[in-house]
Amino acid sequence: ADNSKFGIPEVKRGLAAAAGGLVRLPRQISSRVAMEMALTGDFMDADRALSLGLINQVAPAGEALAQAKALAAKIAENGPLAVKRSKQVIKESIDWSQDEMFEKQQEIVNPVFSSEDAIEGATAFAEKRKPNWKGR
């Protein structure tokens with residue numbers, strides 16, 4: 001929501017953000033900005049979080065859930081196997097070297113290209129209709 005605040009304020013209480021903030025935040029935004037947030041405990045507003053890529057969208061206050069459901073609905077319209085494998089590659093590839101990334105990606109996504117859903121997606125496109133996904 002446009003009135004949201006984001007931060008890791010633990011240092012203001014004499015604590016460290018050890019529930020994941022210290023290790024995950026620098027992977028999502030600039031390590032310099034993450035360091036500032038971790039050491040000051042200050043919050044940022046939704047517009048700044050959006051500009052840094054910490055969040056995807058800003059909704060008017062009271063509409064965040066509806067906007068999240070709309071995004072979920074858009075994702076759900078796509079081939080479930082393709083969505084699952086795409087998500088898997090994005091999550092796992094953060095630890096892959098450049099030498100191995102394409103090989104590892106292919107291991108994960110190759111089954112998508114020979115799936116029933118891939119055939120259904122191409123057929124539905126040619127027939128100008130919505131696909132009937134089976135997840136296989």
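All values below come from the heavy atoms of this structure, side chains included, with hydrogens, waters and symmetry mates left out.
- Side-chain atoms of V33 and R48, non-hydrogen and from C-beta on, do get closer than 4.5 Å to each other.
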Stepwise side chain to side chain contact (heavy atoms under 4.5 Å, CB included) check, V109 with V89:
CA-CA 8 Å; V109 301; V89 168; 3.9 Å; yes

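- For CD of E127, the number of neighbouring non-hydrogen atoms (other residues, nucleotides, ligands) closer than 6.0 Å is greater than 12.
- Counting only distance, with no hydrogens or angles, the side chain of Q106 and the backbone of E103 share no donor-acceptor pair below 3.5 Å.
- The closest side-chain donor-acceptor pair between Q88 and E92 falls under 3.5 angstrom.
- Atom CG of N132 and atom CD of E116 lie 10.5 Å apart (nearest 0.5 Å).
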Working for side chain to side chain contact (heavy atoms under 4.5 Å, CB included), residues I90 and K87
CA-CA 5 Å; I90 290 172; K87 181 179 177 182; 5.9 Å; no

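- Within a 6.0 Å sphere centred on CE of M101, heavy atoms belonging to other residues, nucleotides or ligands number more than 12.
- Listed for the D2 side chain is a donor-acceptor partner under 3.5 Å among the backbone atoms of A61.
- At distances below 3.5 Å, not a single donor-acceptor pair connects side-chain atoms of D117 with backbone N or O atoms of G79.
- Between atom CD1 of residue I55 and atom CE of residue M44 there is a gap of 9.5 Å, rounded to the nearest 0.5 Å.
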List the steps, then state whether side chain to side chain contact (heavy atoms under 4.5 Å, CB included) holds for Q105 with W96.
CA-CA 10 Å; Q105 174 185 261; W96 297 345; 4.3 Å; yes

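- Looking at S4, its side chain does come within 3.5 Å of a backbone N or O of A1 through a donor-acceptor pair.
- Annotation: the span from F6 atom CZ to L50 atom CG amounts to 9.5 Å, rounded to 0.5 Å.
- For the atom pair CD of Q57 and CD of Q67, the computed distance is 4.5 Å after rounding to the nearest 0.5 Å.
- For R129, the CZ atom is densely surrounded, since the number of other residues' heavy atoms within 6.0 Å is greater than 12.
- How far CE of M37 is from CG of L22: 11.0 Å, rounded to the nearest 0.5 Å.
- Residue N110 holds its CG atom at 11.5 Å from OG of S115, rounded to the nearest 0.5 Å.
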